[in-house]
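Single-structure report; data block below.
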Amino acid sequence: MAKLTFRTSEPGDVDTLVALYDRHYEGGYSACFDRYGPATPRDFWWVQSEKSLTLVEVNRKVVGLIVIGRSGRRLLAEEVILDVDRGERDDLLPQLHEWLTRRFQQARQEVLSIRGAETNAVVLAMARTFGFVFADALVVAVGGRPAAGAPTATGRPPAGGPAHDEDRSPGEGPRGYRIRRARPSDEQALSQLHEETVGPVRASDLKALWTLPDVRILLAERDTFPVGFLIAQVRDGAGRWLVGVRQTHRGKGLGRALAAEALQFFRARRVPAVTTYWGTDSGAIRLARAIGAKTERVFLYFQRPL
């Protein structure tokens, strides 16, 4: 049986890593890089400086890679790729699992957590063979259109086509709500909304948004109290959007109105719309269905106690 060896990646490995990664993913959204489209050398230069990147070899030939980052305070094997045929994969799986177990134990982790796209046969086989349990799923949805008759922030059904004025001023949302452009002075309110509805966000990331091109940030208010937000940004040739609505204000069409603004914004710039959400978030699932977004890719999270 072949023996796996593991070594830390070096700058000279970047071209090999790009080719290996793109054979596995064939473009689309990457959760590891949080970007859309094929991998680039810059992506791996960034990973080498920010995360643990290990090459997997057989007879000095690179056959896989492992990226270890963090999810909150826990380590997460963000990518586990092994580019071998099925028979060889099953033989090598125990060695791969043993290395990951030892790596997480050395970091004093109580749980071994791994992530892989739904098409990643190595991650699926490891989860099945070694008793991992499903923890969550990150869903990547593309496209979409406002539901028929759904109001936009202007209070009117959405106009179609790129000729729509993407720079119009937002106005009334669903009955009782107002949607407006956010300002730098709204940063604290935006941060609180983000943490409550989606998760924590770094203050530096929010500050950077105000200086970036092709970004739209909206706040939804009820009696001047912020209850929802939209962040829409053109990146990597695609429009990335994120909507958050406080729990007590969901189910009133506010999420659809905010999403409609994002779709209009990206349609005017002729870029595809992309969003991600947790597969256990029932509100996000309903919103994606309401606007007709289609699932492009699903990243599965598995874990087992150590």
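Everything numeric here is computed off the predicted structure, so don't read it as measured data.
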Hey, what do you get for [atom1] ([X]) to [atom2] ([Y]), rounding to the nearest 0.5 Å?
{"X": "Met126", "Y": "Ile114", "atom1": "CE", "atom2": "CD1", "value": "5.5 Å"}
{"X": "Asp90", "Y": "Thr129", "atom1": "CG", "atom2": "OG1", "value": "7.0 Å"}
{"X": "Trp46", "Y": "Lys51", "atom1": "CH2", "atom2": "NZ", "value": "4.0 Å"}
{"X": "Gln106", "Y": "Thr101", "atom1": "CD", "atom2": "OG1", "value": "11.0 Å"}
{"X": "Arg103", "Y": "Ser52", "atom1": "CZ", "atom2": "OG", "value": "4.5 Å"}

Lys/Arg N to Asp/Glu carboxylate O, [X] vs [Y], below 4.0 Å:
{"X": "Asp186", "Y": "Arg180", "value": "yes"}
{"X": "Asp223", "Y": "Arg178", "value": "no"}
{"X": "Asp13", "Y": "Arg7", "value": "yes"}

Quick check on the hydrophobic clustering: are [X] and [Y] connected, directly or via other members, by side-chain heavy-atom contacts under 4.5 Å?
{"X": "Phe225", "Y": "Leu254", "answer": "yes"}
{"X": "Val139", "Y": "Phe33", "answer": "no"}
{"X": "Val215", "Y": "Leu219", "answer": "yes"}
{"X": "Phe266", "Y": "Val140", "answer": "no"}
{"X": "Ile179", "Y": "Trp241", "answer": "yes"}

Treating [X] as the side-chain partner and [Y] as the backbone partner, does any N or O pair qualify as donor plus acceptor under 3.5 Å?
{"X": "Asp22", "Y": "Ala39", "result": "yes"}
{"X": "Thr8", "Y": "Thr54", "result": "no"}
{"X": "His194", "Y": "Gly199", "result": "yes"}

### Message
Within the 3.5 Å criterion, strictly below it, is a donor on Asp43 or Tyr21 matched to an acceptor on the partner's side chain?
### Response
no

### Query
Are Trp210 and Glu187 close enough that a side-chain donor and a side-chain acceptor fall under 3.5 Å?
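Yes, a side-chain donor-acceptor pair sits under 3.5 Å.
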
### Query
Is it true that the NZ or CZ of Arg304 lies under 6.0 Å from the centre of Phe132's six-membered ring and within 45 degrees of the ring axis?
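The answer is yes; both the distance and angle limits are met.
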
Please report the closest heavy-atom contact between [X] and [Y], naming both atoms and the distance.
{"X": "Glu296", "Y": "Gly28", "value": "OE1-CA, 3.7 Å"}
{"X": "Glu88", "Y": "Ala2", "value": "OE2-CB, 4.3 Å"}
{"X": "Tyr277", "Y": "Ala284", "value": "CB-CB, 3.6 Å"}

#### Entry: Trp278 ring center within less than 6.0 Å of Tyr301 ring center
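Ring centroids of Tyr301 and Trp278 are less than 6.0 Å from each other.
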
### Query
Yes or no on side chain to side chain contact (heavy atoms under 4.5 Å, CB included) for Arg256 and Leu287, after CA distance, side-chain angles and deciding distance?
CA-CA 7 Å; Arg256 282 186 296 163; Leu287 175 58; 3.8 Å; yes

### Query
Mind checking who shares a hydrophobic cluster with Val111, ILVMFWY linked at side-chain heavy-atom distances under 4.5 Å?
none

### Task
Could you tell me how the ring of Tyr29 sits relative to the ring of Phe299: parallel (under 30°), tilted (30 to 60°) or perpendicular (over 60°)?
perpendicular

